[in-house]
Amino acid sequence: MEISTNNINNLVKCLQATLSPDPNERKQAENFLLSIECNKNYPLLLLHIISAPNDVNVDLVKKIGAVTFKNYIKRNWPIDEDTLQNKIHQEDRVLIKEQIVTVMLSAPDAVQKQLSDAISLIGKYDFPDQWPNLLTTIIENFAVFANAPTGDLTPINGALETAHSLFRKYRYELKSQKLWTEIKFVLDTLAKPLTELFVLTMNLCEVSKDPKVYNVILVLTKIFFSLNYQDLPEFFEDNMQIWISNFQKLLELEIKELETESDDETGVLHQIQSQICENISLYAQKYEEEFSSYMRSLVTIIWKLLIKTGSQPKYDTLVINALQFLSTTVIKPQYRDLFDDPSVFSAICEKVAIPNMQFKASDEELFEDNPEEYIRRDIEGSDVDTRRRAACDLVKALSKEFEQVTMSSFGLYVKSMLDQYAANEQNWRSKDAALFLVTTLASRGSTQRHGTTKISELVNLEEFTTMHVLPELAKPNINGMPVMKADAIKYIVTFRSVLPPQVIVSTLPALTKLLEAESVVVRIYAAAAIDKILLLKQPDSKTPVVDAATLSPFAEQLIKSLFGILTKPGSEENSHTMKAIMRTFLTLKQQIIPLLAELLPVLTDKLTIVARNPSQPEFNHFLFETISFCVKLVCTVTPEGVGSFEGVLFPIFQIILQQDILEFMPYTFQLLAQLLEFHSPGNVGDTYTILYPFLLTPVLWEKTSNIHPLVRLLRSYVRKTAPENFEKSLNINGLLGVFQKLIASKSQDQEGFRLLKTIIEHCPMEVLQSQMKNIFVLLFQRLTSSKTTKFIRELIVFIFFCVIKYGATFMVDLIDSIQNGMFGMLLEKIMLPDVQKVTGNINKKITAVGIIKVLTDTQKLIDGPYAQFWALLLQSVVCLFELPEDETVYSEDKLLQDDNDNSYEAGYSQLAFASETEYDPLEGIEAKVFLGQSLTKLMNQLPGRVSILMSQGITEERRAQIQNYLISLNVQIM
């Protein structure tokens, strides 16, 4: 594409069309842009459009062009490491890097942001080695600003934003020599001019209240954080006084003109102060020794800043970061005296901690208008960026260092706040804060499964529960004081493992009633609490605290109310409710069966609805789990009941498979396998027979998440197909094609072995005989091309599995038919060195029994070309029995990631109730006993031969050890 007026105009029209209200026109424009992006000069045409004067291209076109350019860079700049394919012409790459910074610096803010991100994307691959002059270009703008600090600030802000986006990766990248080299290059070039720019801008702030000037300071403080994150640079250590003294000034600064009128939009000064709190927290945590002289004054500045900062949401980030700094400081023994002062401690508790634990108006708004987000923050642990959580962390830090005074002080606050509520229930915010304080300070240790497991002495927990928590749950008006009810439920959940079981169980009827509450939060909390309570075990016997008998009196109402939640706005696909339903079914067990005729259609209707637009993965998972449990519960007792489930579920499965609903396909295959496994042997059924060819379709096997459940399903087919129908029904060549694909994959080869072992076990020999040699040729080709520990382990087990199935002589001859002496090479290079790598009791048993058969049934080992390996193979069996597994790995293990596994796809999640029980093909055989019996039989058949074999290949000392071991098995070598 030439850079011509005609091409520019056509491209502008196409960019405008991407915003067309007509979806066809929009899609056509988007596809056209994608079709031409590989053309030479395409990115330069975009830059030309973005940089054109405003009278030529309106701002909207420039914005579209900038977004298109950034996405183009994101898609195409990386060069494929395997193919080395370069999607952008080399000349275009050079010109982009020459032009983009200049275009970005003069662009409007919205365009500047997109181009800055594009520079960062390019820098990720090219900076600094292939773009060393980028920093120089940025620094040149520092000098331009220094010469005219009152001029246009757009270029300097653009330069700094670019630097910020470029260096932000230093905050999260793992340490490496490459990273250290890059950071050193940046610091050597940038640290001094950056500090000079900071000083210059701070001087400008003395006389200016222009937000754009303060925006320069804001970005400088962000860059400071990135450059100091990995380690303390020498330059910043030497110039710490310059930075920290100015940070202190900025923290104490108050400029009303920089405030915003909105309660939600944060002004630039408070953004600066928030970032400074992050910066000094970083120094306090990582560079304590160098930073210690500034800590005392900063603690005073910070807690004074907190006292005067309002409760509006726009200050939240500042308050959170400031509280985190104090939390960091409290736990340092050398600053203990700063908080040991009663007046300071009192001020921090009363004016900093308690106010930030209060239930704010914005919290109430969230509770009512966005319950899903409120729940996510409050009981799902994603409240790390809230004032409450930060205040909670500070209080916990104080209680750890000053336990006695913290408990007594906050104990008084708890009592005072509870008294306020008792005097007037309109003061419910006081009780909310009191309950939050108790859950914060009374909990000394917790786990996700059990809640709090260790408590402090803040309050008598059982007495507190009886007086202040249970009455809230018992109030007859289930819709009154919803926040109080939510707090009480959360309290029960938090302390469920430390309160007496009878207290917890006594809450179930009240919680069941609260499932009907109008408040989304209250009914979801009640469902979550029921789920957690049904999980509780008795500490002594490990039996469930709540059994079917306990639940029975109100089980019908409980189930009705839980299912009712799924029909109410705001909770139609709530995972806590679905888990509670599953847990209730699991607790009631057989008692739920009479209700399934009514409940199963409700579950399948819900599955049909969510299949249209799967958006809640956890809800979907537990919905499938519940259905799977129902199948297991009924069909384990009454296998013929499987037909009823198939009648209800198959229409939904058909929709999922026909519409290629990726998220649900792995679940569908698991349920199909579970259902099929309840069929009687030889009775696959017409529906499954019709489905079978679809399961061999290559496109299904391209999705990694499908592979494990598909293999499980195919194995179910193999097990349930009558031997005489194998050739007709199962398309053995198709099955072996699947095996061939899987065995070629380093990450999925174990699935190929799993499928093949099931085929070997159940398929008649005459059907497979012609394919056996080809199967082993494929396995040995893979062994030659890619030898991973996992593959070797699976191969060893598979060979000895075949030995057990077909006989040792057959297998040795089969392998030798591929190449003369091949079995001996396998023994020497693979089996003997690596047999100790076999893991798992069943796999070890298969391997041991297979080796024993080779030792005692194979003429080539007993009296033939492989006799030299006999004693070594016997030694390997003894080692397999008695020594730990060999955990060494092959070097190729680090290359286990498949080339095909790079793109995102919906994941695979195992259904617990549809899981496959571990199968032992040698059930009833004890390997050590089998060794003794087999050796005794061989010695009776060939007297004296075993003692001759024992004399070859192993040392006298090792031979004596093996003989002593065999004596312990009642075997005497003769």
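Sequential numbering from 1 along the given sequence is applied to the chain's residues. These numbers come from a predicted model, not from an experiment. Heavy atoms only: backbone and side chains are in, while hydrogens, waters and symmetry mates are out.
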Please name the residue in the list Gln670, Arg715, Gln674 that meets the side chain to side chain donor-acceptor pair (under 3.5 Å) test with Glu916.
-> Arg715

Can any side-chain N or O of [X] pair as donor or acceptor with the backbone N or O of [Y] at less than 3.5 Å?
X      : Y      : value
Thr856 : Leu935 : no
Glu926 : Val929 : yes
Thr638 : Cys635 : no
Asp816 : Phe823 : yes
Lys537 : Pro544 : no

Salt-bridge contact [X]-[Y] (side-chain N to carboxylate O under 4.0 Å):
X      : Y      : answer
Arg782 : Asp749 : yes
Lys860 : Asp813 : yes
Glu887 : Lys837 : no

Any side-chain heavy-atom pair of Val812 and Tyr866 under 4.5 Å = yes

Taking the side chain as C-beta and beyond, is there a heavy-atom pair between Phe780 and Gln819 under 4.5 Å?
->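 No. Closest side-chain heavy atoms not under 4.5 Å.
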
Which distance, rounded to the nearest 0.5 Å, do you find between the CZ of Phe624 and the CG of Leu603?
->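 One gets 11.5 Å once the value is rounded to the nearest 0.5 Å.
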
Apply the test ring pair (Phe, Tyr, Trp, His ring centres under 6.0 Å) to residues Phe650 and Phe645: give CA-CA distance (whole Å), side-chain angles for both, the deciding distance (0.1 Å), then the verdict.
-> CA-CA 8 Å; Phe650 274 12; Phe645 283 101; over 10 Å; no

Could you tell me whether the side chains of Glu677 and Ser716 share a donor-acceptor contact shorter than 3.5 Å?
-> yes

Distance-only polar pair, side chains of Lys720 and Ser680, donor-acceptor under 3.5 Å = no

Pair Asn733-Gln771, side chain to side chain donor-acceptor pair (under 3.5 Å): steps then yes or no | CA-CA 9 Å; Asn733 287 332; Gln771 300 282 0; 2.9 Å; yes

Would you please indicate if the ring centroids of [X] and [Y] are separated by under 6.0 Å?
X      : Y      : value
Tyr688 : His679 : yes
Phe798 : Phe753 : yes
Phe726 : His762 : no

Please step through side chain to side chain donor-acceptor pair (under 3.5 Å) for the pair Tyr667 and Glu625, ending with a clear verdict.
-> CA-CA 9 Å; Tyr667 291 123; Glu625 281 283 20; over 6 Å; no

Phe669 six-ring centre to Arg712 NZ/CZ under 6.0 Å and within 45° of normal =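 Geometry flag: not set, cation outside 6.0 Å or 45°.
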
Side chain to side chain donor-acceptor pair (under 3.5 Å) between Thr809 and Gln859: does it pass, once the steps are laid out?
-> CA-CA 7 Å; Thr809 299; Gln859 195 63 34; over 6 Å; no

Should we count CD of Glu882 as having more than 12 external heavy atoms under 6.0 Å?
-> yes

